[in-house]
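These numbers were taken from a predicted model, which means no experiment stands behind them. Convention: sequence-line order gives letters A, B, ...; per-chain numbering from 1.
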Number of protein chains: 2
Amino acid sequence: MTSHGSNGTPAPTKGARTAARIRAVAFDALREDGWRATTMRGIAERAEVSPGTIYLSLPSKEHLLLELYGETVARIEQRAADDLAGVRIFAARLRIVMRVALDEIAPFHRVATEAIGQAIAPDSPVSPFGDETRAPRERMLRLFATVVEDSDLVADRRLREALPELLWGLLMAGMLAWTSDRSREQRRTRALVEQAVPMLDRAIRVTAVPLLRRQVRDLLALTAAAKELSHDDA
Amino acid sequence: MTSHGSNGTPAPTKGARTAARIRAVAFDALREDGWRATTMRGIAERAEVSPGTIYLSLPSKEHLLLELYGETVARIEQRAADDLAGVRIFAARLRIVMRVALDEIAPFHRVATEAIGQAIAPDSPVSPFGDETRAPRERMLRLFATVVEDSDLVADRRLREALPELLWGLLMAGMLAWTSDRSREQRRTRALVEQAVPMLDRAIRVTAVPLLRRQVRDLLALTAAAKELSHDDA
DNA sequence: GACTATAACTGAACGCGTTCAGTTATGCGA
DNA sequence: TCGCATAACTGAACGCGTTCAGTTATAGTC
């Protein structure tokens, strides 16, 4: 095994280096040219390999989106952890995560707009609810869990427990809306977030009113039922 | 111009007859084989034309979905008009429309599951919010308007005015959920509708409480802002 | 019935994502 | 240094949606 100087990590094999070069080229192309205009042949040419070589380390073009998604979630996680430190107010914590998420996905707005269709298909590898996206999804859920847990929020216990998943759902809905945002640098979506966070905060707090217990129960039951739609029949 | 017997409608031209045959074949194929397995070459073969002929009357494969959507909305409109006659209770009226819609789209569940990605892309011809789907969208909006108007529902004036559009949005969200429903004959989605309609009814009625005026205003402002996302910058 | 403008249609070709039988490069034991 | 197992890579080919220069059929006019 060859090694590079004295650093402890094993030297990457030739195949691994080729795979890394392909990804670097591909991510650049996606950022610059979008989803449609980025072709496998184009990636191959720019990475100086043949089209077939790409498929040694990448099952499909869609899997590029999967890797992009994973890397973006990792960056959101890191930046959010820094920005959340010391902040206790729920609305402030939620706004931080939403802002960080928007910042980190911004460079890929064009890709997302053109490729959102790939992601929404239930049996696609990049479906946000699918098996192959489990890891980044659970990392985002954990992030939303800390948003709730380390905050001053007081709310019905069961609502509080379901909140991370509900917030994640709102993020997904928001991203769907974001893909159709035609404003410069998606500032309309940013404005929407600034508007929606205090609204959501008020809405959660008002559920403490006994009159609304029924509505809270309804909402939780409905989302629970919706989650089961995609399960296989017994 | 040739004419068939004494009926008043002009005889279709040869091109129109070919176009109709292509559609009949294509819709059958979509119902039976789904979106992916239905190929333009296959349609051409079954309609006994060359692939190029299809493109004389159909701009793209996606436009098949557009026509399917339009025809389905027309059927929903007709059946709903019959079933709604004499019914005044809001929840009952809403449930009728939702049931009819589910019934009419049911034969195309497989197509919808495989092609939902085409429909969600913001610049796709079949985007539910796009220009090319304006006619069926407005027909559905009018249907929801009659659901509200001819009902016993009492609610805040502005909420009542926005309600048709909100209900249409819920239908779209429901259809998105429906595409990932794996249960036999999508009975889980049907159960979801039966559950959701009374919930929504209760939620709307509870907004009469003065305490919730702020939340109603918030909701309306948020949906108004969301609608503007896709507008071009000034 | 002959002529002709145009409606209708054809099918090879393009670029796409993807596959895989075949070829070349690499690194290790003898 | 040689031999060779296997890792790495190639590129022609497939089926797809779509295009368009070229061909054929139709219907109205004289």
Side-chain angles (χ1 to χ4, degrees), chain A residues 1-4 10-23 25-27 29-30 33-68 111 114-115 117-119 121 123-126, chain B residues 1-4 10-23 25-27 29-30 33-68 111 114-115 117-119 121 123-126:
Chain A
M1 181 184 295
T2 64
S3 105
H4 285 172
T13 62
K14 184 165 179 254
R17 271 184 287 118
T18 302
R21 195 171 70 249
I22 288 168
R23 271 143 188 80
V25 163
F27 292 162
L30 287 176
D33 306 330
W35 176 252
R36 267 188 279 268
T38 297
T39 70
M40 298 304 270
R41 284 176 228 275
I43 294 169
E45 199 168 345
R46 286 169 60 169
E48 296 182 297
V49 294
S50 83
T53 301
I54 299 177
Y55 288 88
L56 295 175
S57 64
L58 195 76
S60 79
K61 191 184 177 188
E62 277 185 297
H63 280 77
L64 282 174
L65 295 176
L66 200 62
E67 300 188 1
L68 213 48
V111 180
E114 291 180 11
Q118 317 286 323
D123 50 351
S124 152
V126 277
Chain B
M1 182 185 295
T2 63
S3 104
H4 286 172
T13 62
K14 183 165 179 258
R17 271 183 288 117
T18 303
R21 196 172 70 249
I22 288 168
R23 272 144 188 79
V25 163
F27 292 161
L30 287 177
D33 307 329
W35 178 251
R36 268 187 277 267
T38 297
T39 71
M40 299 304 271
R41 284 171 170 83
I43 294 169
E45 199 168 343
R46 287 170 61 168
E48 295 181 299
V49 293
S50 82
T53 301
I54 299 177
Y55 287 87
L56 295 175
S57 63
L58 194 76
S60 79
K61 190 185 177 188
E62 278 186 298
H63 279 77
L64 282 174
L65 295 176
L66 201 60
E67 300 188 1
L68 213 48
V111 180
E114 291 180 11
Q118 317 287 322
D123 51 351
S124 153
V126 278

>> Rounding to an integer number of Å, can you tell me how far B/E62 CD sits from D/dG17 P?
In response: 12 Å
>> Assuming nearest nucleotide by heavy-atom distance, tell me which of A/A37 and B/R21 is located more 5' along DNA chain C.
In response: B/R21
> Tell me: CG of B/L56 to P of D/dG17, nearest whole Å?
Replying inline: 17 Å
> Tell me, which pairs form a salt bridge (charged side-chain N to carboxylate O under 4.0 Å, His left out) where one or both residues lie in residues 48-66 of chain B, sequence neighbours left out?
Replying inline: none
>> Rounding to an integer number of Å, can you tell me how far B/D33 CG sits from D/dC16 C1'?
In response: 16 Å
> B/L58 has an atom CG; how far is it from atom P of C/dA8, in whole Å?
Replying inline: 16 Å
> For the residue pair B/G34 and B/E114, what are the closest heavy atoms and their distance?
Replying inline: C-OE1, 3.7 Å
> Could you state the CD1-C1' distance from B/I54 to D/dC16, rounded to the nearest angstrom?
Replying inline: 13 Å
> Closer than 4.0 Å, any side-chain N/O of A/K61 to the OP1 or OP2 of C/dG17?
Replying inline: yes
> Closest heavy-atom contact between A/W35 and A/V111?
Replying inline: CB-O, 4.2 Å
> Is the distance from OP1 or OP2 of C/dG15 to the nearest side-chain N or O of A/T39 less than 4.0 Å?
Replying inline: no
> Looking across every strand, which nucleic acid part, if any, lies under 4.0 Å from A/T38 by heavy atom: base, sugar-phosphate, or nothing?
Replying inline: sugar-phosphate
> Of all of residues 41-48 of chain A, which get a heavy atom below 4.0 angstrom from DNA chain D, listed by number?
Replying inline: A/R41
> For the helix from C/dG1-D/dC30 to C/dA30-D/dT1, what angle lies between the axis at the first five pairs and the axis at the last five pairs, to 10 degrees?
Replying inline: 30°
> Below 4.0 angstrom from OP1 or OP2 of C/dC9, is there any side-chain N or O of B/K14?
Replying inline: yes
> Does any non-hydrogen side-chain atom of A/T53 lie less than 4.5 Å from one of A/T18?
Replying inline: yes
>> Holding to side chain to side chain donor-acceptor pair (under 3.5 Å), I want the full list of residues that pass it with B/S57, two or more places apart in sequence or in another chain.
In response: B/R23
> From C/dA8, C/dC16, D/dC16, pick the nucleotide closest to the side chain of B/T13?
Replying inline: C/dA8
What's touching nucleotides 20-24 of chain D from the protein side, N or O pairs under 3.5 Å?
none

> Whole-Å distance between D/dG17 P and B/L30 CG?
Replying inline: 11 Å
> So which heavy atom on B/V49 is nearest to which on B/R21, and how close?
Replying inline: CG1-NH2, 3.5 Å
>> Tell me whether the count of non-hydrogen atoms from other residues, nucleotides or ligands lying under 6.0 Å of CD in A/E67 goes above 12.
In response: yes
> Can you name the side-chain contact (heavy atoms from CB on, under 4.5 Å) partners of B/A26, sequence neighbours left out?
Replying inline: B/I43, B/L64
> side chain to side chain donor-acceptor pair (under 3.5 Å) with B/D33: which residues, sequence neighbours excluded?
Replying inline: none
> Separation of B/M40 atom CE from D/dG17 atom P, in whole Å?
Replying inline: 7 Å
>> Are the side chains of B/L58 and B/I22 in contact, using a 4.5 Å heavy-atom criterion?
In response: no
> Who are the side chain to side chain donor-acceptor pair (under 3.5 Å) partners of A/S60, not counting sequence neighbours?
Replying inline: A/H63
> Who passes side-chain contact (heavy atoms from CB on, under 4.5 Å) against A/A20, sequence neighbours left out?
Replying inline: none
> Can you tell me how far P of D/dG17 sits from CZ of B/R36, to the nearest Å?
Replying inline: 12 Å
